Each structure stands twice: as C-alpha cells, then as structure tokens.
Amino acid sequence: MTSESLDAFVNNLETYGKIYGPVKTGESCSFQEISQSKEMALNYSRTMIPPKKFFLKLKERMFIFDERECEYEETLEDGKIVVFGIHPCDIYALKLMDKIYLDKNPDKYYQMRRENATLIGYSCHPDEYCFCQSQGTNYAVDGFDLFLHELKDKFLVRIGSEKGNKIASENSKFFMDVESSDIQEFREAEGKREKEFTLKLAINGLTDMLALSYESDVWKEYADKCFGCGSCNLVCPTCRCYDVVDNVNMDLKSGERQRMLNSCMLKKHGLVYGGKNFRPTRVERLRNRFNCKGSLREDMMNCVGCGRCTVYCPSKIDYVEVLRRVRGEL
Amino acid sequence: MAREIVVEHLARVEGHGGIEVTIEGEEVKDVKMRISEGPRFFEAIIKGVKYDKVPDVMRRICGICTASHSLASIRTIEKAFKVEVTPRTAMLRDLLIHGEVIESHSLHLFLLALPDYLGYPDALSMMDKHAKEVKAAFQLKKTGNMVHNALSGREVHGMNDRVGGFSTMPKEEDLLSIKKAMEDSKAAAEDAVSLFASLDIPDCTHSENILMALDPGDRFGYLGDHVLISDGKRKRVEEYRELTNEEVVKHSHAKHSSYRGSSFMVGALSRVTLCKERLYGTANELFREHAEKLNPRNSLNNNLAQAIELVHCIDRCLEDIDALFNNGIEKEELAKIEPRKSSAIGAVEAPRGILYHDYSFDENGCITQANVITPTAMNSANMEKDFGVAVGRLVSERKENLESTLELIARAYDPCISCSAHLINVKFV
Amino acid sequence: MMENVFLPKLAKIVKNEKMTAMEHFLRLQLLDKKTAEEFQYNLGQFIEISIMGVGEAPFSICSMQNQKYLLDLCIRSGGRVTSAILRLGEGSLVGVRGPYGNGFPLKEMEGSNLLLVAGGLGVAPLRSILQYSLKNRAKYRDITFFYGIRTYDTMLFRDEFNSLLAGGDESGCKFYLSYEDPKDEQCLLLEAEYSDRCMSGVVSKLFERTEISPKDTYAIICGPSIMYKFVGQELTKRDVPPERILISLERRMRCGIGKCGNCIIGDGSSIRYVCKDGPVFTYWDALHTKGMI
Amino acid sequence: MAKPKIGIYGLTGCGGDQLMILNLENELLDLLRNVEIVAFQEASSVQQDEEVDIAFVEGSVSTELDLERLKDVRKRSRMLIAIGDCAIGGCVQAMRNQEMTMKEKMEEVYGKGEEYFKVLEPYGLSKYVNVDLELQGCPIETTEIRQVFLSLLHGDTPEIKDYPVCVECKLNEYQCLLVDKGMPCLGPIIAAGCNARCPGLGIDCVGCRGPIMNETNAAEELHTLLEKGYDERYIENRLRFFGANFEGILKLSKMLREKTGGARGK
Ligand SMILES: Cc1cc2nc3c(=O)[nH]c(=O)nc-3n(C[C@H](O)[C@H](O)[C@H](O)COP(=O)(O)OP(=O)(O)OC[C@H]3O[C@@H](n4cnc5c(N)ncnc54)[C@H](O)[C@@H]3O)c2cc1C
Ligand code: SF4
Ligand code: SF4
Ligand code: SF4
C-alpha cells in the first residue's frame with residue numbers, strides 16, 4: 001500500500017466501526033475517535049492509557065438492579081470499533097489480557113468488545129524507555145487483523161486474521177503485491193530498528209531472581225520514594241485489577257454496579273475483614289507489583305516492555321532500574 | 001431597669017452571629033451585632049504565599065461569594081503586576097460574577113429571607129404550601145451554579161479562574177445549557193420581583209443611609225475601579241481606606257467602618273440606587289415600576305433590589321454568552337506574568353456589596369502584606385444603626401416580636417459572617 | 001445469548017438465624033429451579049453473595065450438597081455486605097454467583113485419616129467436610145476435629161459440636177475443643193466434664209491431647225491467618241507431609257473468578273489467584289508461595 | 001421505621017460545605033423526605049437541641065465556643081460526621097499552625113497593643129472528640145455527600161475514597177501535569193473524590209481535599225518538586241495550605257524548620 005492511500009484506506013475502515021487512533025493531547029498521546037487519518041500522530045511513542053481501555057473500560061457500569069422488581073439487568077453496549085495504529089507491545093498485552101478475561105469464565109463485557117474490535121497494528125521506533133525487545137514483544141506475530149509496517153513511501157501490510165484478510169480484499173485497490181525490493185527494504189528497516197533499542201533488561205531467570213530477592217532492601221528503598229499513587233498500574237497495558245462499587249439511586253431501591261480499574265499500590269487492595277491488610281505498607285505493595293509483573297502466566301511475562309510505568313511515575317521510579325537492582329546488576 | 005434582648009443565634013445566615021441589645025427604660029443603650037464565628041486571619045496566613053496560589057487560598061474566605069473573592073484577588077494581583085487580560089477573559093469574568101450573583105441572591109431571597117416574611121422557620125418546610133417558590137429558588141440557584149461549574153470548575157471554590165485568565169475555556173455545550181437554563185428561569189426571576197414587591201415591608205428602620213457601590217461603567221454590573229457614593233462623590237478604589245476608615249474601637253475589640261463619621265451601606269440596594277440609570281432591559285423596566293418601593297432609607301428594601309438584580313443578571317448572562325459565541329471561545333494561554341515588588345488594590349461588587357483586596361508583594365511575587373475588607377464588615381455599623389432605630393421605635397412591643405424584627409433586619413442585609421468574622425464586633429458574653 | 005458470569009442469580013433467604021453476637025446462619029434457596037439443580041459444588045468452594053445497593057462478598061458454603069439444593073452459610077457481620085445480610089429477614093432475596101474456587105480433594109483423601117483444624121469462623125468450610133465424612137464414614141479412617149474458640153459465646157454450631165463432645169468416639173469423630181479465655185465459665189464447665197477433650201489455650205495446644213499418625217493423614221486447616229503457621233509447624237513436627245496439609249485462605253475478592261486481581265499472592269515464580277487457584281492450597285504451596293500465610 | 005434525625009451544624013469555616021448540601025438542589029428535597037432535619041444552621045431557624053441520629057459538622061474548632069458547641073453536638077448525636085477539610089484538618093486557616101502564634105496572627109490583622117479575645121489554634125474535630133466519619137474536601141463534593149446520605153439511608157456505612165487524585169486523573173485519561181509539564185501537582189498525595197477536577201482543567205492540584213490519611217509521602221513530594229525546580233518554601237507552603245495538621249506534612253515542616261533554624265513565614 002502506498003503512503004498516499006492511507007487516508008482513503010482509513011476512511012474505508014468506517015464500515016468496521018468507529019475509528020480510534022493515537023492523537024496528540026498536549027504533551028502526551030491518547031487513543032481517540034478520529035475522522036481522518038491526518039488527525040493521528042502515527043509516529044507516537046506510546047499513549048498514556050493503553051488500548052486496554054477499549055476492552056476493560058477504565059470505569060464502567062456492569063448492570064443495574066431494582067429491589068422492587070427484584071432483578072438484575074445487564075447493561076451492555078456493543079459498538080464496533082477499529083483501533084488503528086496499535087503497537088506490537090500493546091498487541092502482546094491484549095493477548096495476555098485475553099488469557100485472563102477469556103478463560104473458562106469469560107468476561108462478557110470484555111469478550112463482546114474484543115469481538116467487536118478490529119485491530120490495525122502499526123510499526124514503531126523505540127525511545128529510551130522502550131524495552132520490548134528484551135521482553136520479546138517488539139514484533140507482533142499475531143493478535144492483530146492487519147499490521148502496517150511503514151517503509152519509505154509505502155506500507156508493508158501483514159494480514160493477521162480472517163477479518164484482516166477480508167478488509168484487505170475489500171480494499172484491494174489500495175494494495176499491491178509485495179516485490180522482492182519491498183522485502184529487502186522491510187528487512188533493512190527491521191534490522192535497523194532492532195539496533196535502535198538502547199534499554200535492555202535481562203529477563204532470563206528473572207522470576208526466580210524476584211523470588212530470591214523477596215526480603216531484599218531494594219523494596220524498602222524504592223517504597224520510600226513511591227507515593228502509592230497507582231499511576232504505574234493504571235497506565236500498564238497488562239494491569240487489569242479492578243474494584244467494584246454499588247451505587248444506589250435516590251429512590252434507595254434501584255441502582256447500578258460499577259467497576260473501575262484498581263491498583264495494587266493502593267492500600268485497599270489487600271484489605272479484608274476486621275481491618276486486616278495483607279499488604280499493609282508500600283513495601284509489600286511495591287514488591288507485589290514487581291513480582292506480579294515479573295511473573296509468568298502461561299509462559300508469558302506479565303510485562304511487555306512498553307515503558308509506561310517508568311514514564312508516568314511521578315516519582316520517577318524506573319521499572320528496569322529496579323529489576324536490575326534486584327538482579328544485582330546495579 | 002435595664003433590659004437585654006439577645007437573639008442568641010442568628011440562623012439562616014452564613015456563619016455565626018447574634019444580636020445583643022441593651023435597653024434602659026424606653027431608651028436603647030447599646031446595640032451589638034455579636035459574631036461568634038471564629039476568626040481565620042487570612043491576612044496573616046497568606047503572607048509569604050506566591051501570587052499564583054494566592055487566589056486559591058483567598059477564595060476560601062467565603063463559600064457563597066467565592067467567585068467574588070477569586071476575582072477580587074486575581075484583579076488585585078494583575079493590577080500589581082500590570083497584567084492585561086484578553087477581552088474574552090474579561091467577558092468570562094463578567095459572566096462568572098453575574099452567575100454568582102444569581103446563585104447567591106436566589107439562595108438568599110428564597111431560602112433565607114422569604115421564610116421570615118411568610119412565617120416559616122425555613123424554606124424546606126415551605127415546601128407544602130409554597131412549592132412554587134421553593135422550586136423557583138432551586139431552579140434559579142442551579143442556574144447560577146451552572147455558571148460557577150462551567151466557568152470556575154465547581155459550585156464552591158472553583159479554581160479555573162486564574163491570574164491571567166481562565167485555565168480552560170468553558171465547553172460550548174455547557175454554555176448552551178446555561179443559556180437554556182437562563183431563558184427558562186427568567187420568568188422565575190421576574191416572579192421574584194413581583195413577590196418581593198408585594199410583601200408588606202415594615203419601615204421600622206427608616207433612616208438616613210449613605211450608599212456606596214462600584215462604578216460599573218456604562219452599563220450596570222459588578223466590576224469597576226471607582227466607588228460611587230450617595231453624596232455625589234466618586235473615588236478611586238485605591239482610596240478605600242478613606243472610604244472605610246476601619247478603626248479599632250476600644251470597647252469592642254473590633255474594627256468599625258465609617259465614611260465621614262457615619263455608617264454606610266453597600267449591597268444591592270446601594271447598587272440599584274446609585275446606578276439606576278445604567279440598568280437596562282427588563283431590569284430597568286422593573287426598577288421603574290417599583291421605584292417608589294425602593295426607598296434607600298429603608299434597608300429592608302434591599303431584598304427587592306436583589307430581586308431586580310436577579311433579572312438583570314439573567315439578561316446579562318444571556319448577553320455575555322451570545323457575545324462569547326460571536327467572538328469564539330478558542331483556548332487562550334494565560335497572560336504571562338512577571339512578578340515584581342509592588343502593591344495594588346482591587347475591588348469587585350460581591351453579591352453583598354463592595355469587596356476590597358489589598359496586597360503587597362516582594363520581588364519574587366510573594367505576599368508581604370494583605371488586607372481584605374468585606375461588604376458585611378462595612379455594613380455591620382449600618383446594621384447596628386438600623387437595629388438601634390428599630391428598637392427605639394418598637395421598644396414597647398413584646399420581646400419576641402422585637403427579636404424577630406431584628407432577625408429580619410439582619411437577614412435583609414444578607415450578612416455573610418464567616419468572611420467578615422475578623423472585622424465585626426466580637427464580644428463573648 | 002452468552003451468559004454473563006457477573007450477573008447474580010436470585011436466591012431467597014429461607015433461614016437467617018443468629019448464632020452468636022457476630023455470626024449468623026444463613027440458608028439460601030436459588031429461586032430458579034433449573035439453576036438450583038445445576039448448582040453442584042465441591043466442598044470448600046465459595047459463592048459470591050450480592051446485596052443490591054451494598055455490594056458483593058465471598059462466603060464459604062458450610063454444609064454438604066443436599067437434595068433440596070439449599071445453600072448454608074455462616075456469616076460474620078461487620079462490613080458493608082455482611083451487616084446488610086444480617087438485616088435481611090427470611091423471605092428476602094439476595095444475589096448469588098458461583099460456586100467458585102477449587103474446593104477440597106475429597107476423593108483423594110478417601111482411605112486416609114482426617115484431621116480438621118478450625119479456628120473461629122474457619123469452622124464454616126470445615127463443617128461441610130465433617131458432615132460429608134460422617135455421612136460417608138466408611139470412606140475415611142479416623143476423623144479428628146480440633147476446634148479453637150475464644151469464649152463459649154463465640155462458639156459456632158454449638159449444639160452440633162456439643163453433641164460430638166458428648167458423644168465421644170461413638171459420634172464417629174474425635175472432637176476436641178480449645179478456648180482462649182481461661183476464665184470463661186461455660187468453657188470451664190465443659191472442661192470439667194470432658195477433661196480429655198476440652199482445654200484452655202490456642203488450638204495448636206490440642207496436639208498435646210492426641211496422637212497424629214503422620215502416615216495416611218490429611219490435615220485441613222481453616223482459621224485466622226496466623227493459625228496456619230502454628231498449626232502447620234505442629235503438623236510438620238509430627239512428620240505430616242506438607243502436601244497433605246490443606247489450608248483454605250481468605251483474601252479480598254471482587255470477582256471470584258480470577259479477573260479482578262485483588263487476591264493475587266506470591267512472588268515472581270509462584271503467582272497465584274486465591275479465588276481460582278484456591279482458596280484451598282497445600283501447606284507445601286504455602287511454604288513455596290511468598291505472602292500466602 | 002422512624003425517619004432518622006439529622007442535624008447540620010457549622011463551626012468556624014466558610015459555610016461552603018453546608019452550601020454544597022444545599023447545592024444538591026432538587027435532589028435535596030427528595031432526600032429530605034426520608035429524614036427529619038432537626039438543625040440546619042445555614043438554612044433553617046429551627047435549632048432543636050435534641051438527640052440526633054446523625055450530626056454533620058462543618059468547620060474547624062477555632063474558639064472556645066466552637067469547642068463547647070462541638071462537645072454538645074457530640075453528646076447528642078449517635079453518629080458524628082465531619083464534613084469538609086476545616087472539620088478534619090483545619091483547612092487553610094490552620095496553614096500557619098506551629099509557624100505563627102495566635103497572638104502574632106491577631107496582631108497582624110487587628111494591629112498591636114490591644115487586648116484581644118481568646119482564640120484557639122485551629123484544628124479539626126477529631127482532636128477533641130470522637131469522629132465517626134470524615135468527608136474530605138474544600139468543599140465536599142455534592143456527589144459524595146449524596147452518596148453518603150444514600151448509603152446511610154440505605155443502612156450501610158459509606159465508602160470513602162482513600163486513594164490519591166492521580167487514580168481519578170488516570171481514570172479520566174487526563175494528561176499528567178506533573179510528568180508531562182513539570183507543574184507542581186499534589187495529586188499523588190491528596191485524597192481523591194473530586195474526580196481530579198483541577199488536572200482536568202489543566203491546573204495542578206493544590207490539595208484541597210487534604211492529604212490521604214496515614215499514606216502521605218510528603219517527603220517525596222518535596223523531593224520531586226525540588227527536582228522540578230521549585231523552591232523549598234514554595235513547596236512547603238503548598239503542602240501546608242490544606243495539610244498543615246497532617247502527620248506527614250507536620251513532620252516534614254518540622255524537619256525543614258530545624259534545618260534552616262528558627263521561625264519562618266515572615
Ligand atoms: C474464599 C473466602 C471464603 C469466605 N468465607 C466466609 C464465610 O464463610 N463466612 C464469613 O463470614 N466470611 C467469609 N469470608 C470473608 C468475607 O468475604 C468477608 O467478611 C466479606 O468480604 C466482608 O465484606 P463486607 O462487605 O461485609 O465488608 P467490607 O465493607 O467490604 O469491609 C471488609 C472489611 O474491611 C475493612 N475495611 C474496609 N474499608 C476499610 C477502611 N477504609 N479502613 C479500614 N478497614 C476497612 C473492615 O474491617 C471491614 O470489616 C470469606 C472470604 C473468602 C475470600
Ligand atoms: S507510579 Fe510510581 S509513585 Fe505511583 S505507585 Fe507506581 S511506583 Fe509508586
Ligand atoms: S496531573 Fe497530578 S493528579 Fe494527575 S496523575 Fe499527574 S500528578 Fe497525579
Ligand atoms: S485541588 Fe486537588 S483535590 Fe482539590 S479539586 Fe483540585 S484536584 Fe481535586
């Protein structure tokens with residue numbers, strides 16, 4: 001596909017739903033609804049809030065209830081959406097979320113939205129906070145419908161699903177066959193990109209290293225710096241803890257159940273009956289966060305190396321630095 | 001034999017106050033507006049605070065006229081650092097203060113003053129018989145609050161109005177819904193005028209009242225840099241010390257305001273009287289219709305004046321919103337500020353009357369000295385005068401009646417005690 | 001239409017009885033017959049109870065599955081949901097989701113001795129096992145029950161346990177009781193009567209009263225979190241293998257099905273969800289999962 | 001069931017919290033159908049000194065009279081709820097606590113050489129009486145007071161937010177002013193509940209809801225803002241606006257004062 005056809009192609013995606021793309025909002029970026037491709041800042045490095053927000057909403061109503069009628073009624077909205085310009089790390093993160101939210105007790109809200117969404121990946125270049133290469137998530141093999149690799153004046157497009165194939169054939173006028181020169185160009189671009197990564201984290205054996213460092217002083221040291229503000233979790237593409245509240249209406253009989261993203265850095269996260277807290281101080285909470293992120297779930301690490309938690313930590317706690325301290329590298 | 005009348009607790013005013021009258025025989029010996037509200041010493045605590053956050057502290061002087069304190073504070077700071085704001089900012093400020101007057105006046109007129117006239121302890125218990133009035137009150141109040149919300153970011157202590165402009169422009173849809181709400185509640189405001197004009201207002205306080213109000217320029221309004229006085233003089237706000245003459249009175253541990261030796265009055269009645277020819281539109285018509293009921297010698301007429309202002313404010317908000325739409329509401333950067341060692345005095349017409357803020361800054365823009373004079377503080381001496389007059393006339397009446405009349409007078413002034421606690425007669429009995 | 005796992009099913013409170021100052025016995029019946037019939041649970045599993053406008057909380061089912069599809073629970077009040085449950089009269093409706101969690105491996109335990117150790121409210125899930133094992137007495141060898149209470153007033157299922165105490169070995173189970181307040185009069189009376197089965201002290205002291213055969217014994221512990229450590233130590237001292245010691249954990253839970261993440265425990269190499277990987281774990285898990293006990 | 005009796009009282013403050021209750025407007029009328037108002041200082045002349053089920057108290061204890069009234073209200077109420085920062089940590093009027101004596105403040109405002117009335121250093125209610133629930137905010141939020149009313153009427157203990165503004169800021173996807181723009185935002189240490197109003201408007205949080213109880217990492221806020229180039233006094237003032245009586249900030253202030261030696265704020 002040529003660069004010029006991008007605009008027309010994006011317009012055509014409308015049949016697959018509302019189009020969301022990375023848009024510059026002040027100094028940062030955010031996935032927002034767009035009407036034209038030029039509204040997007042496709043050379044963005046990362047959005048503050050990852051695309052998980054489309055599937056596990058930051059805040060959402062789960063259902064309404066009415067005591068008089070004795071009923072619970074689900075409130076689902078299903079609109080089709082296209083997420084355009086998603087990076088490999090975020091694609092991996094969604095794969096991870098899928099493992100949790102689409103397991104044997106699938107989350108209907110998440111599942112419906114996932115089914116209603118079209119994901120169009122977009123190639124990226126690392127900045128000083130990206131360490132997806134170390135996490136092995138810098139190149140998305142699957143988990144998308146289409147993936148656009150930006151070359152000099154064209155895109156190399158990979159098809160990742162049946163839906164992607166359908167989109168491509170419907171838009172075949174924009175697509176040309178891949179020639180060997182394209183492959184050469186792609187190969188060079190990828191090779192160059194691989195070399196652009198400056199931030200590295202050795203992850204082999206990290207899970208055990210974390211286990212061995214459970215009592216390490218590193219936690220206390222960073223906990224002193226930490227605000228316990230939860231920003232790290234909320235911007236993390238793989239963090240998915242949520243909290244639930246019931247709100248009653250004026251009539252005291254009806255209301256809604258709402259859930260919103262939660263954070264394990266907050267004191268309520270470990271609180272149970274009788275005021276007992278399983279993670280009473282920031283030391284336990286910070287340690288828990290790093291252990292959770294650094295653990296494996298079905299062979300996938302819970303961290304995709306997007307760098308968001310480091311960038312958005314008001315106290316500048318550097319994720320990679322902490323783990324290197326844990327490993328004893330620093 | 002000396003007799004004492006004490007209205008122990010003045011309810012339905014914002015803050016704590018009481019009235020204390022000592023009568024000897026038929027003669028009024030002493031009248032005191034007793035304020036038990038604790039002082040908060042804003043002028044002292046604000047020292048050393050950098051200008052950018054001064055309004056954030058100072059607007060907390062009062063929960064009701066919070067935007068007035070904000071704007072007085074902001075305008076004073078801008079004067080000190082010679083900051084010019086854009087016409088759009090000026091327009092938004094005009095809208096904000098008119099919104100505040102709507103909120104404050106509707107609260108005061110319907111929820112605080114009206115129950116006195118209709119013989120109820122509060123507006124909520126009027127619900128059964130006077131649902132219309134109570135609903136109108138909440139409708140108007142809400143309309144005013146919508147302005148607060150959209151422009152300053154919150155009903156009380158909004159933060160969006162900053163030194164140098166507004167941090168974020170109000171949303172178009174918010175302005176549209178305010179416009180709709182204003183149009184819908186105009187009738188309620190006009191009804192308020194008829195309602196207060198129809199009330200039987202006692203004239204027990206009838207006496208000389210010196211009036212003061214800010215000169216709003218060509219058209220009736222609440223922002224200005226000069227003070228109009230009923231003796232025909234016009235002064236710069238910088239001369240406020242001569243206009244208020246705050247002094248410490250030995251016997252009362254408190255400051256009293258006076259102008260040329262007498263008490264004076266600020267607020268709605270002063271404004272509409274001194275600027276009557278600048279009223280326009282429906283408010284002007286209503287003023288002329290009820291002109292004879294607005295005798296400034298009877299302070300109780302303040303309520304009717306407030307009702308007329310309600311109508312004015314609604315019209316003005318509508319005008320301002322239209323003008324904003326015509327001129328566009330694109331985002332603007334805050335004006336650049338270069339702090340310097342300087343002093344300035346700024347004033348606005350708060351719903352209850354003139355409000356002065358006076359600051360001095362050091363070269364870093366931190367406060368070295370501050371003085372705030374609130375309308376309730378200025379009015380307190382006049383209130384005491386009115387109490388004296390009324391008690392003198394009604395002294396033969398039964399005590400309860402007298403008490404309720406005193407409360408009626410106090411509330412007609414719409415005293416906001418928490419903001420002025422440090423200035424009025426404080427005496428612990 | 002796909003099922004929404006978060007949407008509670010309605011159940012009627014058929015019994016809501018005060019047991020102690022803080023605990024209530026609650027019996028629920030699912031309104032929908034089909035749902036009720038399909039509602040098959042393992043002992044040790046829990047359900048999420050919703051009260052409209054208040055919230056949702058997990059509770060262990062405290063009796064074995066029965067033909068009438070009734071769900072028995074024992075609820076300690078104090079929080080939002082638990083206090084609201086207490087207010088509800090018989091006939092009121094609540095929401096139920098579940099059953100969730102893994103439950104106890106009853107099949108695996110067949111042919112072994114059972115040692116059940118309960119502290120306070122921890123008796124709730126263990127009572128269901130006791131019921132089951134007594135009903136299927138032949139499948140198990142010795143059944144021993146240790147119950148630790150603070151005072152007589154806080155003892156749950158008092159009649160049932162009193163009769164076990166009175167019944168001695170005849171009841172099919174060796175029941176031992178410990179109480180923490182040495183001045184509690186009713187407990188002292190009990191001790192006077194059953195001196196070999198009742199004593200003052202914490203529940204782990206009961207180990208002094210009876211022999212535990214390390215071989216062929218499954219121990220199941222449920223109680224306040226510090227109890228696990230002490231009882232676990234006593235058992236390992238007696239050579240009971242850690243993988244045959246089972247514990248049932250409590251954590252903050254918002255979903256019960258491994259989504260909300262509140263109950264996650266462990267370190268990099270052993271992250272677990274208490275709700276879906278548990279709440280029943282082995283003592284071996286506990287020794288190898290940081291922060292579990 | 002009899003309607004619960006409610007009393008709304010004010011001590012020293014700006015009246016804004018009572019006003020926020022009035023700002024529930026039409027909803028207030030609905031709510032009040034379910035309760036009996038025994039006292040509502042800002043809105044009613046009815047002031048019965050009877051027992052109440054729930055007392056809402058606004059304002060700080062700044063005079064002996066405040067204290068007397070507070071003790072009286074406590075005696076008469078089953079549940080006492082402190083509404084607004086004034087009633088919790090003293091709010092802005094407490095910002096110079098321990099920095100200036102009351103005499104100094106008084107002289108500043110009234111001039112020297114007089115004999116002045118007796119005032120107390122401003123504190124929240126819990127310094128003097130047992131408080132059942134604290135609703136932070138300057139002012140409290142209508143959504144919150146509504147929720148509290150509804151929870152109580154529904155028979156439940158209200159849930160109070162005990163996490164920082166940053167959480168709400170992120171949930172709204174507001175740009176982070178501290179990280180992206182280097183603005184001196186107090187969001188990380190301030191209790192949420194305002195739905196991150198200020199960051200939503202592009203304004204750095206001044207902390208009007210007060211610090212999070214027992215969780216305030218004030219030292220790190222100082223450190224973070226120092227790194228961003230703000231001066232120590234500026235940051236300290238900011239922390240003190242609404243937090244001077246909170247433990248973490250108190251400790252920090254004391255430490256700073258010891259470091260520089262002597263009184264400050266002059
Ligand atoms: C698998 C499992 C099985 C369980 N089985 C049972 C059972 O059989 N019976 C039973 O009674 N319980 C059982 N529980 C415990 C039960 O789930 C809790 O008691 C229940 O969740 C409490 O919910 P609540 O809404 O009543 O309390 P909440 O209102 O949610 O509060 C819980 C507790 O947290 C504390 N808390 C909350 N907020 C704060 C705060 N801001 N500051 C300080 N402390 C605070 C309080 O102490 C409060 O009591 C079980 C739990 C699990 C995980
Ligand atoms: S973002 Fe930083 S300061 Fe905030 S909780 Fe995470 S690690 Fe702590
Ligand atoms: S803007 Fe302030 S409140 Fe929002 S995330 Fe940043 S530091 Fe926190
Ligand atoms: S100052 Fe902070 S706490 Fe207060 S409204 Fe603004 S963001 Fe919220």
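First the proteins, then the strands, lettered A, B, ... as listed; each starts at 1. Owing to the predicted nature of the structure, the values given are computational and were not obtained by experimental measurement.
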- Message: Is it true that, when you exclude C/Lys12 itself, more than 12 heavy atoms of the residues, nucleotides or ligands shown sit nearer than 6.0 Å to its NZ?
- Response: no
- CD1 (C/Ile226) and NZ (A/Lys276) are apart, to the nearest 0.5 Å, by 9.0 Å
- Against chain C, label A/Asn247 side chain, backbone, both or neither, depending on which of its atoms sit under 4.5 Å from a heavy atom there. neither
- Query: Checking A/Lys268 against chain C: side chain, backbone, both or neither under 4.5 Å from a heavy atom?
  - Reply: both
- Task: Look at A/Ala211, A/Gly294, A/Gly255, A/Pro106 and state which one has the largest set of heavy-atom pairs under 4.5 Å with chain C.
- Result: A/Ala211
- Task: Tell me the residues of residues 22-40 of chain C whose non-hydrogen atoms fall below 4.5 Å from those of chain A, in number order.
- Result: C/Met22
- Message: I'd like to know which of A/Asn302, A/Asp243, A/Asn249 tops the heavy-atom pair count under 4.5 Å against chain C.
- Response: A/Asp243
- Query: Of the listed residues (C/Ile51, C/Val54, C/Ile265), which shares the most heavy-atom pairs with chain A below a 4.5 Å separation?
  - Reply: C/Val54
- Please look at A/Gln111 and chain C and tell me whether the side chain, the backbone, both or neither of the residue comes under 4.5 angstrom of a heavy atom of that chain. side chain
- Query: Given a strict heavy-atom distance threshold of 4.5 Å, which part of A/Arg279 is in contact with chain C: side chain, backbone, both, or neither?
  - Reply: side chain
- Task: Name the member of C/Gly266, C/Ser77, C/Cys263, C/Ser92 that forms the most heavy-atom pairs with chain A at distances under 4.5 Å.
- Result: C/Ser77
- Message: Is A/Cys264 in contact with chain C via its backbone, its side chain, both, or neither, using a 4.5 Å heavy-atom distance?
- Response: neither
- Item | Within 6.0 Å of CZ in C/Arg150, more than 12 heavy atoms from elsewhere | no
- Can you tell which of A/Asp66, A/Leu261, A/Asn288 has the highest number of heavy-atom pairs within less than 4.5 Å of chain C? A/Asp66
- Which atoms of C/Ile264 approach chain A - backbone, side chain, both or neither, heavy atom under 4.5 Å: both
- Tell me, side chain or backbone of A/Tyr242 under 4.5 Å from chain C's heavy atoms, or both, or neither? both
- Do A/Asn291 and C/Asp267 come within less than 4.5 Å of each other through their side chains, counting heavy atoms only? yes
- Checking heavy-atom separations under 4.5 Å from chain A, one finds in residues 269-277 of chain C C/Ser269, C/Ile271, C/Tyr273, C/Lys276, C/Asp277
- Query: Contact part of A/Phe278 toward chain C, heavy-atom cut-off under 4.5 Å: side chain, backbone, both or neither?
  - Reply: side chain
- Note on the structure: Counting heavy-atom pairs under 4.5 Å with chain C, the top scorer among A/Val244, A/Leu212, A/Leu56, A/Val248 is A/Val244
- Message: Can you tell me if A/Lys220 has over 12 outside heavy atoms packed within less than 6.0 Å of its NZ?
- Response: no
- Message: So for A/Tyr109, is it side chain, backbone, both, or neither that comes closer than 4.5 Å to the heavy atoms of chain C?
- Response: side chain
- Under 4.5 Å to a heavy atom of chain C? For A/Asn105 that would be both
- Message: Strictly less than 4.5 Å between heavy atoms, which residues of residues 248-262 of chain C line up against chain A? Please order them by number.
- Response: C/Glu250, C/Arg251, C/Arg252, C/Arg254, C/Cys255, C/Ile257, C/Gly258, C/Lys259, C/Cys260, C/Gly261, C/Asn262
- Below 4.5 Å from any heavy atom of chain C, which atoms of A/Arg257 appear? Answer side chain, backbone, both or neither. side chain
- Message: Could you check whether atom OH of C/Tyr152 has more than 12 heavy atoms from other residues, nucleotides or ligands sitting under 6.0 Å from it?
- Response: yes
- Item | pair C/Ser50-A/Tyr72: side-chain heavy atoms closer than 4.5 Å | yes
- Query: Crowded around C/Lys229 NZ? As in, over 12 foreign heavy atoms under 6.0 Å?
  - Reply: no
- Interface residues of residues 280-293 of chain C facing chain A - non-hydrogen atoms under 4.5 Å apart: C/Lys290, C/Gly291
